[in-house]
Asker: 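Would you mind keeping the following structure in view while I ask a few things?
The figures here come from the full heavy-atom set of this structure, side chains too, leaving out hydrogens, waters and symmetry mates.
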Amino acid sequence: MVDFVEYLPHELTERIFSYLSPADLGKAARCSKQWREMSSHEALWLHFCMVNGWLKYGLTVDLTLERSSPPSKSNVSGTSPVFENYIPVDSSLPQTKKWKAVYMRTQHLLKNWAKGRYRVAPILRGHRQKVSAIDSNGHIVVSGSADKCLRIWDLQTYRCMYKIDGHADTINAVKIKNNLIVTGCADCSIRVYDSTTGQIILIFNGHSASVDHLQFDGETIVSAGADRTVRIWNLPEGKLQFTLKGHTDEIECLTIYGGYALTGSWDTTMILWDVYKGQGVHSLADHTEVVNCCQFDDTRIVSGSADGTLKVWSTATGECLQTLRGHEEEVYCLAFNKEVIASGSSDSTVRIWSHAGVVKCVLKQHIGIVRCLHLDEEKLISGGDQKKLVVWDFKKGKLLNAIHRNPTLLHLMWVNETKLITASPETPGTITVLNYW
């Protein structure tokens, strides 16, 4: 049998290999060193990563550099999430090229999520009262508590790096961006810390009541307080830029996108604010109860309310375009991407809606309130009462796996590509980290 790889021009051989699937390329790589080299060509695997939407795993989140969690004595999920691509040091085989390695690692990672393969890190303990706020950048976790203490945890050692006192009341909100941590406190203050040293950088005062919600883009801080105001702070200049008034009752949710902020309130309205101009753009009024959750982008605003409905609005005009009915009780959380809208409710269900407003499926696994949702390109994760976490294939409306973490409540959740971090309103407060890599 003639080996065509030896005789055909390199470009023609490369074209032939481009018609093979990833599985076929894997089989071809076993034939010979020359076939292995051809089947590992960067352009082939870059294409597969691009088609699957996995480019971010080689660019913004480089899985080739991501470290896996240390082995645990007990493996809750029954299988290990650790990826191994071992090539002996004395082997004549070259190391796996970048984009093939990215493809292999991404495929393994997504299978871990789908099959429930994870490791439970050592529980983060230290807070004396409930954990009231968490945020992470994938390397550290920052937690605030009713014990008035801020803690910074290392996600490699799972130890507390810094315990920071100074707040006079419950820490209601924390955000981390780059090496900066911003906290919002019930003592009416906003504090900024250096995450690498734990040292305080700035204290902002201005709210006349508890600071309940924060958003932070690295330079601009947007805060919402029990005084019913939204305040815009310029961090580089260390000053308050705008105080925005419009709500007649307390603000329940706050989110930002681009140069805009969106707030939902107990007064049943939402207001879209221009952060740079310091003024309201639209006042959105069509709900009949408190607006619990909201999200928006350039074209649409989606809101969820205690009236049991979701509403879709035009970002440009503020017009209510659709009312999504189906939940039997309050809508507590929502998330949307380019494909679907997901909502969680106190009726114990998660609903998946098309952007045309049609219910695609009703997902039933929870008992009690569904309090948290995370939606990305590959999966949907829901968290709620009974401290239950569920991973779904939202495209097929299919349960992938359910995670039970003790019969108690779960009210805070943070997710990235490789980790799932949760906190519950227990006393004393603890934080759980599940590592899928």
Side-chain angles (χ1 to χ4, degrees), residues 172 209-210 212-213 215 222 224-230 244-257 260-274 279-297 299-336 340-364 366-373 375 382-385 409 411:
N172 292 321
S210 172
D212 297 330
H213 308 283
Q215 293 292 340
V222 182
D227 59 8
R228 307 175 186 178
T229 69
V230 174
L244 310 179
K245 298 180 180 180
H247 286 297
T248 59
D249 207 337
E250 290 191 23
I251 296 168
E252 182 64 13
C253 54
L254 165 68
T255 186
I256 60 173
Y257 178 85
Y260 296 89
L262 179 67
T263 52
S265 169
W266 279 85
D267 65 14
T268 75
T269 72
M270 292 186 296
I271 299 179
L272 182 67
W273 309 92
D274 187 315
Q279 62 187 30
V281 179
H282 303 303
S283 181
L284 313 175
D286 203 37
H287 284 294
T288 58
E289 297 287 346
V290 56
V291 180
N292 286 322
C293 49
C294 57
Q295 182 184 337
F296 73 108
D297 61 16
T299 59
R300 68 178 62 86
I301 296 169
V302 182
S303 58
S305 169
D307 63 16
T309 69
L310 291 92
K311 291 182 182 288
V312 181
W313 317 70
S314 166
T315 304
T317 66
E319 177 188 2
C320 183
L321 305 175
Q322 294 172 321
T323 298
L324 311 185
R325 293 184 172 89
H327 283 297
E328 297 174 3
E329 296 183 35
E330 292 188 39
V331 177
Y332 268 79
C333 52
L334 66 84
F336 71 79
V340 299
I341 300 168
S343 58
S345 167
S346 54
D347 65 10
S348 303
T349 69
V350 176
R351 289 177 179 256
I352 306 296
W353 314 76
S354 72
H355 282 290
V358 178
V359 178
K360 295 170 70 72
C361 53
V362 180
L363 309 177
K364 299 179 179 179
H366 290 281
I367 300 173
I369 300 171
V370 181
R371 299 180 184 272
C372 313
L373 287 178
L375 178 66
S382 56
D385 291 357
L409 305 180
H411 74 144

Asker: May I have all residue pairs that pass salt bridge (Lys or Arg N to Asp or Glu O under 4.0 Å) and include part of residues 307-328, sequence neighbours excluded?
Answerer: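 Those involving residues 307-328 are D286-K311.
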Asker: How close do I341 and S354 get, heavy atom to heavy atom, and via which atoms?
Answerer: CD1-O, 4.4 Å
Asker: Can you name the nearest heavy-atom pair linking V370 to V350, along with the distance?
Answerer: CG1-CG2, 3.9 Å
Asker: So does A316 get a backbone contact from the side chain of H282, meaning a donor-acceptor N/O pair under 3.5 Å?
Answerer: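 Between the backbone of A316 and the side chain of H282 there is a qualifying donor-acceptor contact (under 3.5 Å).
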Asker: Closer than 3.5 angstrom, by distance alone: can the side chain of S305 be matched with the main-chain N or O of V290 as a donor-acceptor pair?
Answerer: yes
Asker: Please assess V331 against N292 for the test side chain to side chain contact (heavy atoms under 4.5 Å, CB included), listing each intermediate value before the final yes or no.
Answerer: CA-CA 7 Å; V331 177; N292 286 322; 5.7 Å; no
Asker: Among residues two or more places apart or on two chains, list those pairs meeting salt bridge (Lys or Arg N to Asp or Glu O under 4.0 Å) that have a residue in residues 344-359.
Answerer: none
Asker: Run V340 and L375 through side chain to side chain contact (heavy atoms under 4.5 Å, CB included) and show every step you take.
Answerer: CA-CA 9 Å; V340 299; L375 178 66; 4.1 Å; yes
Asker: Could you tell me whether a side-chain N or O of S346 sits under 3.5 Å from a main-chain N or O of E330, the two making a donor and an acceptor?
Answerer: yes
Asker: Please report the shortest heavy-atom distance between V302 and L334, naming the atom on each side.
Answerer: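 Heavy atoms of V302 and L334 come nearest at O-CD2, 3.8 Å.
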Asker: Identify, with sequence neighbours excluded, every residue that meets ring pair (Phe, Tyr, Trp, His ring centres under 6.0 Å) alongside Y260.
Answerer: none
Asker: Closest approach of V281 and D274, non-hydrogen atoms and distance?
Answerer: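 Of all heavy-atom pairs spanning V281 and D274, the closest is CG2-N, 3.7 Å.
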Asker: Applying side chain to side chain donor-acceptor pair (under 3.5 Å), can you list everything that pairs with S314, at least two apart in sequence or on another chain?
Answerer: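 S314 satisfies side chain to side chain donor-acceptor pair (under 3.5 Å) with T317 once adjacent residues are dropped.
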Asker: Once side chain to side chain donor-acceptor pair (under 3.5 Å) is applied, do any residues pair with E252, and if so which ones, sequence neighbours excluded?
Answerer: W266
Asker: With sequence neighbours left out, what residues match Q279 under side chain to side chain donor-acceptor pair (under 3.5 Å)?
Answerer: none
